[in-house]
Amino acid sequence: MPLRDAAAYSHLAAADPVLEQLIERVGRPDPFTWAERNYPSSTNFEAMALHIVGQQISTSAALTIYGRVSDAAGGAVTPAGLLALSGDQLRSCGLSRAKAAYLHDLARRQAEGAIDLEDMAGEDDAAALAALTAVRGVGLWSAQMFLVHQLKRADILPAGDIGIRRAVQRAWQLDAVPGVEETRRRALPWSPYRTYAAALLWASLAAPPPARGPASAARPEAR
């Protein structure tokens with residue numbers, strides 16, 4: 001196991017007894033290998049384009065439509081290739097009117113230098129998220145997934161993701177699915193490795209539920 005992965009899971013186990021139990025039950029998933037399995041892209045621009053295409057549809061449908069867009073753009077999804085296509089041409093690939101506009105906005109920003117998806121390594125998480133969410137159609141969740149999938153950032157928790165929140169409800173044996181802010185507060189001690197905690201929580205959804213007992217008492221202090 002790479003040193004960062006070992007340090008991350010050691011930190012999570014020490015920071016939260018419920019996460020320690022989850023590690024014992026589901027292991028130590030690599031959040032970056034896990035995240036990339038359905039995103040076969042060679043550039044960050046292509047990856048973000050695929051994130052946009054894939055919003056609210058199945059992975060198989062997203063990859064089919066993305067393949068059509070790639071073919072229409074000349075064999076690769078590039079800013080110039082997308083800008084050379086009209087909205088009607090993009091829609092003929094299976095995109096909605098909104099997604100076609102989102103791809104054009106992304107391509108225009110990249111071509112004009114308003115954003116540089118290929119050179120974001122020097123930006124901190126907050127700055128990268130702000131730059132990405134300025135693109136039409138790129139919400140916080142898509143931007144967070146980009147930071148995990150492409151930039152390999154270690155401290156990203158998509159607290160708005162319903163899977164994360166259901167996993168928290170199940171692991172901590174809560175009466176209801178926690179809200180976004182409650183999930184964020186609970187995750188504060190997990191920093192700077194919240195990406196690993198997210199991978200652990202997602203992985204726990206496929207595991208048998210925990211036995212009722214000690215985890216139910218492991219709740220955050222009132223604030």
Residues 159-169 vs side-chain hydrogen bond (donor to acceptor under 3.5 Å, both in side chains), sequence neighbours excluded, gives W141-D161, D161-W202
Mind checking whether [X] and [Y] have side chains closer than 4.5 Å, heavy atoms only?
X    : Y    : result
V168 : R186 : yes
T43  : V77  : no
L22  : D16  : no
H11  : P192 : yes
L200 : W190 : no
Q150 : M48  : no

With sequence neighbours excluded, tell me which residues meet ring pair (Phe, Tyr, Trp, His ring centres under 6.0 Å) with H104.
none
Output yes when a side-chain donor or acceptor of R68 lies under 3.5 Å from a complementary backbone atom of C93, and no otherwise.
yes
Report the residues that fulfil side chain to side chain donor-acceptor pair (under 3.5 Å) with [X], sequence neighbours left out, ordered by chain and then residue number.
X    : value
S191 : D155
R153 : D125
S86  : Q89
Y196 : R4, D5

Begin from the C-alpha positions of Y102 and L95 and carry the test side chain to side chain contact (heavy atoms under 4.5 Å, CB included) through to its verdict.
CA-CA 10 Å; Y102 298 160; L95 292 170; over 6 Å; no
Over all heavy atoms of both residues, which pair between [X] and [Y] is shortest? Give the atoms and the distance, please.
X    : Y    : result
Y66  : V53  : N-CG1, 4.1 Å
I115 : A131 : CD1-O, 3.6 Å
A143 : V138 : N-CG1, 4.1 Å
P189 : A15  : O-CB, 3.5 Å
G54  : K99  : C-NZ, 4.3 Å
L12  : A197 : CD1-N, 3.7 Å

Do you reckon V180 sits in the same ILVMFWY cluster as L201, going by side-chain contacts under 4.5 Å, direct or chained?
no
Reported [atom1]-to-[atom2] distance for the pair [X] and [Y], which is rounded to 0.5 angstrom:
X    : Y    : atom1 : atom2 : value
H149 : I156 : NE2   : CD1   : 11.5 Å
R28  : Y9   : CZ    : OH    : 8.5 Å
L82  : S70  : CG    : OG    : 9.5 Å
S96  : Q55  : OG    : CD    : 8.5 Å
S10  : I23  : OG    : CD1   : 8.0 Å

Please identify each residue that fulfils salt bridge (Lys or Arg N to Asp or Glu O under 4.0 Å) with E181, with sequence neighbours left out.
R184
Under the salt bridge (Lys or Arg N to Asp or Glu O under 4.0 Å) rule, collect the residues that match up with R109, sequence neighbours excluded.
D105
Please lay out, stage by stage, how L132 and L117 fare under the test side chain to side chain contact (heavy atoms under 4.5 Å, CB included).
CA-CA 9 Å; L132 291 167; L117 297 174; 3.5 Å; yes
Within residues 134-143 or reaching into it, pairs that qualify as salt bridge (Lys or Arg N to Asp or Glu O under 4.0 Å) - sequence neighbours excluded:
none
Here the salt bridge (Lys or Arg N to Asp or Glu O under 4.0 Å) pairs for residues 73-84, sequence neighbours left out, are none
L63 and L50: CA distance, side-chain angles, deciding distance, side chain to side chain contact (heavy atoms under 4.5 Å, CB included) verdict:
CA-CA 8 Å; L63 292 175; L50 182 53; 4.1 Å; yes
Please assess L103 against L85 for the test side chain to side chain contact (heavy atoms under 4.5 Å, CB included), listing each intermediate value before the final yes or no.
CA-CA 10 Å; L103 287 181; L85 298 173; over 6 Å; no
Go through the structure and list residues passing side chain to side chain contact (heavy atoms under 4.5 Å, CB included) with A111, not counting sequence neighbours.
P79, L83
Which hydrophobic side chains are connected to I162, either touching it within the sub-4.5 Å cutoff or through other members that do?
V177
